[in-house]
2 protein chains.
Amino acid sequence: MKRISGLTAQEKKRRVEAFRKYCSENGIPFTVQRRIVLQEVLNLNTHPTADTVYSLPSVRSARISRATVYRTLENLVQAGAITKTCHPGGKVRYDGRTDIHHHLVCLRCDSIIDITNKALDALSIPDTSALDFDVKDFRVQLRGLCRRCRRMEDKP
Amino acid sequence: MKRISGLTAQEKKRRVEAFRKYCSENGIPFTVQRRIVLQEVLNLNTHPTADTVYSLPSVRSARISRATVYRTLENLVQAGAITKTCHPGGKVRYDGRTDIHHHLVCLRCDSIIDITNKALDALSIPDTSALDFDVKDFRVQLRGLCRRCRRMEDKP
DNA sequence: TTAAGTGCAAAAGCTTTGCGGGTAG
DNA sequence: CTACCCGCAAAGCTTTTGCACTTAA
C-alpha cells in the first residue's frame, strides 16, 4: 500500500499538451481559462469541488468566473483530460488523475486519499456483456475512518 | 457477474426489527417517520436521493416533511441501518444494502447498478495501518456506459 | 470573420437550520 | 413528564442558464 504523491512537472506539462492537441483536433478553442483550470486541477493532489477550484489564487487572479469554472471542469471531463471522482458526499468532485488508482474514503468527513496497490490494479474485471454495460475502467474504494476522524471517535 | 435483485420480505422485516432494537438500546425514539423511510429505502433496489425518497407515495401520504426525510436518512446511516453510496454525481445517494457488494456506475447518466461477483468479494484488502486509516469495508466500482447510454452514443 | 466561450447576474436545485408544537418512552 | 423529534418556512449552499460581449482559430 503506497500513498500516491502528485504528478511531476513533466507529467503535468505533457497532460496540458495532450489537451491542447485534443482541442485543435476537435475544433475546440484552447482558451486561457481552460488551460489554467486544467493546470490547477493537475497541481492539486486532492479531489477538489468546483468551488474549491474557483477559490484558488491563480484562478481568482485571472478573473475566471464561477460559471466558467463549472463549465470548464465538465468540458475537461468530456475531453478525458480529468475525471470525476466517486464519493459519498453531495458535491461533484474532480480528479487530475486519469489512470487506474484507488481511494481511501472517509465515511465521516468525506476526505479521499489516493492509493496505489498492485494487487488492486490487477483485479480482473468481470464480464458485464450480459447487462450490456461497457466497462471503461474501475476503482476500488476502501471505506472507513481517516486518521483525524479516528482520533475524534476516541475523544468525542 | 450477476445482477442483484431486491431484498426478500423476510430480510426487510429483519432489518427493520434490527433498527428498532438499535433504537431501544440507544435511547433513540423509533418513530413512524423513521420506520417508513427505512422501509422505503429497503424496498427500492435503486440508489435514491433524499428527494426521491421524499417523493414516494407512501412517504407523501404519511405527510412526512422533506426536512424529516433528509434528517432521517442521515440518522439511519449513523445507525448503520442503510449506507451512503459513492458515485460521481452531485447529490447524496443512499443504499438499502449494508453488505459488501459492487456497482456498475454509468459515467454519462450517473445510474448505479448493483452487482455481485465472488472474485470481487474475495479481494484482499491491503494493509493501511501505515496511513492510520481504519478500513471498514470496500466497494468496487466498474465505471463505463450503461445500455441506454451506449445506444445514445451510437445514434446521437 | 465567426462559431464558440466567457462574465455577469439571476434562477434553479439540493440541503440544512431555527423554532414552536407534538410524541415516544 | 420530558427529552427528543417533527413540520414548516426560511436560509444557505451548489450548480445551471440566458444573454450580451469577447476571443481563438
Side-chain angles (χ1 to χ4, degrees), chain A residues 16-17 19-38 40-41 47-56 58-79 81-82 84-85 87-94 109-110, chain B residues 16-17 19-38 40-41 47-56 58-79 81-82 84-85 87-94 109-110:
Chain A
V16 175
E17 248 348 279
F19 177 62
R20 185 200 299 269
K21 184 160 172 253
Y22 175 93
C23 287
S24 83
E25 285 173 352
N26 291 81
I28 294 169
F30 180 75
T31 63
V32 192
Q33 290 87 345
R34 284 172 180 167
R35 179 179 52 74
I36 293 177
V37 169
L38 174 56
E40 289 308 312
V41 175
H47 304 77
T49 66
D51 211 64
T52 301
V53 174
Y54 172 72
S55 302
L56 295 171
S58 55
V59 174
R60 295 288 64 244
S61 65
R63 300 247 180 282
I64 302 177
S65 72
R66 186 177 260 111
T68 294
V69 172
Y70 276 86
R71 281 184 293 227
T72 299
L73 287 167
E74 280 307 304
N75 292 338
L76 292 172
V77 170
Q78 293 310 312
I82 64 175
K84 281 193 194 184
T85 285
H87 74 110
K91 300 181 205 169
V92 178
R93 293 175 71 165
Y94 297 92
C109 71
D110 280 359
Chain B
V16 174
E17 247 350 277
F19 176 63
R20 185 201 300 269
K21 184 159 174 254
Y22 175 92
C23 287
S24 83
E25 285 171 353
N26 291 80
I28 295 169
F30 180 75
T31 63
V32 192
Q33 290 87 345
R34 285 172 179 166
R35 179 179 53 74
I36 293 178
V37 169
L38 174 56
E40 291 307 313
V41 175
H47 304 77
T49 66
D51 211 65
T52 301
V53 175
Y54 172 72
S55 303
L56 295 171
S58 55
V59 174
R60 295 289 63 242
S61 66
R63 301 248 181 282
I64 301 177
S65 72
R66 186 177 260 110
T68 295
V69 172
Y70 276 86
R71 279 185 294 227
T72 300
L73 287 167
E74 280 307 304
N75 292 338
L76 292 172
V77 170
Q78 293 309 313
I82 64 176
K84 280 194 195 185
T85 285
H87 72 110
K91 300 180 206 170
V92 179
R93 293 175 70 165
Y94 297 91
C109 72
D110 278 0

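In the text below, chain A, chain B and the rest are named by the order of the sequence lines, each starting its count at 1. Values below: every heavy atom of this structure, side chains too, minus hydrogens, waters and symmetry copies.
Within the 4.5 Å cutoff, the side chain of Gln78(B) has no heavy atoms near those of the Asn75(B) side chain. Two residues are said to be in side-chain contact when any heavy atoms from C-beta on lie closer than 4.5 Å; His47(B) and Tyr94(B) fail this criterion. When side chains are defined from C-beta on, Pro88(A) counts as touching Asp110(A), because their heavy atoms get closer than 4.5 Å.
Residues Thr52(A) and Thr49(A) bring a donor and an acceptor atom of their side chains to less than 3.5 Å of each other.
Taking atom OH on Tyr54(A) and atom C1' on dA9(C), their separation rounds to 12 Å, with Å as the unit. Between Glu25(B) atom CD and dG25(C) atom C1' the separation is 15 Å, expressed in whole Å. One can place CD of Gln78(A) at 13 Å from P of dG5(C), the figure rounded to the nearest angstrom.
Using a cut-off of 4.0 Å between Lys/Arg side-chain N and Asp/Glu carboxylate O, Glu74(B) and Arg71(B) are scored as not salt-bridged.
Near DNA chain C, meaning a heavy atom under 4.0 Å away, the residues from residues 26-35 of chain A are Pro29(A), Thr31(A), Gln33(A), Arg34(A).
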message = Within the 4.0 Å limit for protein heavy atoms, which parts of nucleotides 11-18 of chain D are touched? Write it as a string from 5' to 3', B for base, S for sugar-phosphate only, - for none.
response = ---SBBBB
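Taking CG of Leu38(A) as the start and CZ of Arg20(A) as the end, the distance is 11.0 Å to the nearest 0.5 Å.
In this pair, Phe19(B) and Phe30(B) present their aromatic rings tilted. The plane angle is within the 30 to 60° band.
For Thr68(A) and dT6(C), the shortest distance from a side-chain N or O to OP1 or OP2 is not below 4.0 Å.
Around CZ of Arg63(B), the count of heavy atoms belonging to other residues, nucleotides or ligands within 6.0 Å does not exceed 12.
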